[in-house]
Amino acid sequence: MVRLTSLVKTSGCAAKLSPKDLNNVLKQLPTFSDERLLEGFEHSEDALVYDIGDDRVIIETVDFFPPMVDDPFTFGEIAAANALSDIYAMGAEPKLAMNLMCFPSCLDLDVMKEILLGGSSKVKEANAIIAGGHTISDREPKYGLSVTGFSKKEDVWFNSGLKVGDVLVLTKKLGVGIVNTAAKVDEADKDSISDAIASMRTLNKKARDYARDLNVHAATDVTGFSLLGHLKEMASSSKKSVIINYDGIKKIEGAEELARFGFIPEGAYNNRDFLISDVEFSPDIKREEEDVLFDPQTSGGLLLSLKKEDAQIYLSRMKEAFIVGCVVEEKDKLIKVMR
């Protein structure tokens, strides 16, 4: 069996275009105006939100990427979980999905079948359905989904509602991109790889469900632009700043050590280049610890902003979750990282 990761230069959400380059293009594009379009791409939301009347909205997203694991079925699971996550990050329920597949002609079609079966398994787990898709021939395999969800208008979560005094809660460990990079050259140990795969293939459904009766002021999911990148989007759109406690952040076992030895995905360097002017690190934060915070996550966790009381309720339900920091009044730097 061909190793899928040997066919690609970058993998997972680390394959995203540099946020600096993307931003330069997006700001030159025209915006579309429609009174029913509640959110497009202007505010870096995870999905578009369109009012369909009767206090209901439709939420749409699309996501696909090259493989970060060699097993086709597992790759399909991870890609689907990652695409579905944007709907969960808006507090909504995914209902419809369509496959997006780029596939090399040199690979056995059984590989494509296994990728699609892996994706189907996660869509079923989400209680959604796949009803079609699109395939093209490509030199590198890529897979993902376009996903449609629905929600009551008042129940949608946006990334722009940070409030001073809020606690920031994350539901998955960091370091996935670093571990995946090391795994491609057989330098990550089995426990680290297993931990990363388990995280990536886990739906954010439970993470969303446990917060639905709480007052979530702002939300997003942490993916290719890193924890710091998604925090910047939240802080900037909310006109607030955030303070991060590095020691409170959970990491994939071995991620810091691998970062110290230089197993850094290209996307992390792109993230650093784009974000560094908005971040202040205390002097005792090591370079490899900075790298963990710039690390592009594939199928990362939900990042929620809640008042302290709601955060404690959430943590009692979602045992995997942890506090990463808090929200303060807007300062010169959007993000400060300290111990």
Side-chain angles (χ1 to χ4, degrees), residues 1-8 10-15 65-82 85 114-115 118-119 121-122 125 169-207 221-224 226-228 244-268 271 285-303 315 318-324 339:
M1 179 74 70
V2 175
R3 291 185 63 175
L4 292 181
T5 55
S6 70
L7 302 175
V8 300
T10 56
S11 59
C13 286
F65 47 52
M68 73 305 297
V69 293
D70 291 316
D71 180 67
F73 188 90
T74 304
F75 170 46
E77 289 183 302
I78 293 169
N82 181 76
S85 180
E114 288 299 310
I115 294 171
S121 73
K122 286 297 166 181
E125 186 179 333
V169 176
L170 184 59
T171 65
K172 290 185 182 181
K173 300 175 184 178
L174 297 183
V176 164
I178 292 166
V179 172
N180 287 339
T181 299
K184 287 180 68 174
V185 290
D186 297 321
E187 291 293 339
D189 65 45
K190 291 182 179 179
D191 288 342
S192 298
I193 295 171
S194 178
D195 198 7
I197 290 175
S199 175
M200 291 187 291
R201 63 190 294 272
T202 297
L203 289 180
N204 279 326
K205 184 180 190 306
K206 182 176 72 171
D221 61 344
V222 176
T223 54
S226 76
L227 173 63
L228 294 183
I244 300 306
N245 174 21
Y246 183 83
D247 289 339
I249 293 174
K250 295 180 181 179
K251 282 80 68 174
I252 299 290
E253 184 69 30
E256 286 180 348
E257 183 179 8
L258 290 169
R260 191 167 78 253
F261 283 110
F263 295 104
I264 311 297
E266 181 181 354
N271 289 337
I285 300 296
K286 301 174 183 177
R287 175 60 186 239
E288 62 264 27
E289 295 171 336
E290 294 180 16
D291 289 332
V292 169
L293 299 180
F294 287 118
D295 186 38
Q297 303 304 285
T298 296
S299 189
L302 296 190
L303 180 61
L315 291 172
M318 187 73 185
K319 303 301 184 182
E320 304 91 332
F322 51 95
I323 294 173
V324 301
R339 293 196 183 281

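- Within the 4.5 Å cutoff, no side-chain heavy atoms of T181 are placed close to those of I264.
- Panel note: side chain D70, backbone L4; a donor-acceptor pair is recorded below 3.5 Å.
- Looking at heavy atoms from C-beta onward, P265 lies in side-chain contact with I178 at the 4.5 angstrom threshold.
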Problem - Residues V169, M318; criterion side-chain contact (heavy atoms from CB on, under 4.5 Å); working and verdict - result: CA-CA 10 Å; V169 176; M318 187 73 185; over 6 Å; no
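- Closest non-hydrogen pair, F73 versus S121, comes out as CZ-OG, 3.8 Å.
- The side-chain heavy atoms of K172 and S299, taken from C-beta on, include a pair separated by under 4.5 Å.
- For the pair L174/D295, no side-chain contact is recorded, criterion being any heavy-atom separation below 4.5 Å from C-beta on.
- Using a 4.5 Å heavy-atom cutoff, the side chains of D195 and V179 are not in contact.
- Ion pairing of K206 with E320 is present here, as a side-chain N (NZ or NE/NH1/NH2) and a carboxylate O approach within less than 4.0 Å.
- E256 is listed as a side-chain neighbour of V292, based on a closest heavy-atom distance under 4.5 Å.
- Rounded to the nearest 0.5 angstrom, I252 CD1 and I193 CD1 are separated by 11.5 Å.
- The shortest distance between side-chain heavy atoms of V324 and L303 falls below 4.5 Å.
- Interatomic distance, CE of M68 versus CG of N82, reported as 7.5 Å (0.5 Å rounding).
- Contact detail for V176 and S199: the closest heavy-atom pair is CG2-OG, 4.4 Å.
- Side-chain atoms of K122 come within 3.5 Å of backbone atoms of R201 as a donor-acceptor pair (strictly under, hydrogens ignored).
- Nearest heavy-atom pair across A268 and P296 is N-CD, 3.6 Å.
- Note that CZ of R3 is 12.5 Å distant from CG of D71, once rounded to the nearest 0.5 Å.
- Considering all non-hydrogen atoms of both residues, S226 and N271 come closest at CB-ND2, 3.6 Å.
- Heavy-atom minimum distance, G300 versus S85: O-OG, 4.2 Å.
- A cation-pi arrangement is absent between K173 and F322 under the rule of less than 6.0 angstrom and at most 45 degrees off the ring axis.
- Here the straight-line distance linking atom OG1 of T74 with atom CD1 of I115 works out to 10.5 Å at 0.5 Å rounding.
- Heavy-atom minimum distance, T298 versus M200: O-CG, 3.3 Å.
- Comment: K251 does not engage E288 in a salt bridge, judged by the lack of any side-chain N to carboxylate O separation of less than 4.0 angstrom.
- Side-chain atoms of I249 and I244, non-hydrogen and from C-beta on, do get closer than 4.5 Å to each other.
- Listed by chain and residue number, nothing satisfies the salt bridge (Lys or Arg N to Asp or Glu O under 4.0 Å) test with K250 (two or more places apart in sequence, or in another chain).
- Taking CD from E253 and CG from D189, the interatomic distance works out to 7.5 Å, rounded to the nearest 0.5 Å.
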Problem - Trace of the side-chain contact (heavy atoms from CB on, under 4.5 Å) decision for I323 with N245 - result: CA-CA 8 Å; I323 294 173; N245 174 21; over 6 Å; no
